[in-house]
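Let me begin by presenting the structure, written as structure tokens, before commenting on it.
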Amino acid sequence: MAEKTVNEIDIWAGVINPSSGDMSAPEAAALLRWGFNDHAKKRMEQLATRNNQGALSGPEKEELEAYVQVGQVIGILQAKARLSLKHSAGNGSD
């Protein structure tokens, strides 16, 4: 049986534990405001387009992968934030 390879995102998910809604409402609300700025969005679009064309250099591939990994970590954090807000709304506590 093949061994599962653990990547950086798997490790972050283990640290963040997105299935536990244990953030306070203010913490969760703050995390839900996190996102890429316009410059970063434009750069990601450029890199994705060039990637689809098979035209990325090695450093550009690394840059695109870095954006993807940061986006995944933000997604994990925001999943936890949403769950935390849902739990706090359901039981009346932060």
### Message
For a quick test of reading the model, state the closest non-hydrogen atom pair linking A13 to P18 and the distance between them.
### Response
O-CD, 3.3 Å
### Message
Quick check: do M23 and L83 have side-chain heavy atoms less than 4.5 Å from each other?
### Response
no
### Query
Is there a donor-acceptor contact under 3.5 Å from the side chain of Q78 to the main chain of W34?
yes
### Query
Do the side chain of K80 and the main chain of I16 share a donor and acceptor less than 3.5 angstrom apart?
yes
### Query
What about L47 and V70, same hydrophobic cluster or not, with Ile/Leu/Val/Met/Phe/Trp/Tyr joined at side-chain heavy-atom distances under 4.5 Å?
yes
### Task
To the nearest 0.5 angstrom, please state how far the CZ atom of R43 sits from the CG atom of D38.
15.5 Å
### Query
Just how far is it from atom CG of L85 to atom CG of L31, taken to the nearest 0.5 Å?
9.5 Å
### Task
Determine, step by step, whether I76 and I9 satisfy the side chain to side chain contact (heavy atoms under 4.5 Å, CB included) criterion, reporting the C-alpha distance in whole Å, the side-chain angles of both residues, the deciding distance to 0.1 Å, and the verdict.
CA-CA 9 Å; I76 293 167; I9 299 306; 3.8 Å; yes
### Query
Between the side chain of E60 and the main-chain N/O of S57, is any donor-acceptor distance below 3.5 Å?
yes
## Note on the structure
Distance col, row E8:CD vs Q69:CD, nearest 0.5 angstrom, shows 4.5 Å
### For S84 against S20, the heavy-atom pair lying closest together
OG-O, 4.3 Å
## Note on the structure
d(D22 CG, N17 CG) to nearest 0.5 Å is 7.0 Å
### Under 3.5 Å side-chain donor-acceptor pair for T49 and Q46
no
### Task
With rounding to the nearest 0.5 Å, note down the distance linking CG in L56 to CG in L64.
6.0 Å
### Query
CZ of F36 to CD1 of I74: how many Å apart, nearest 0.5 Å?
4.5 Å
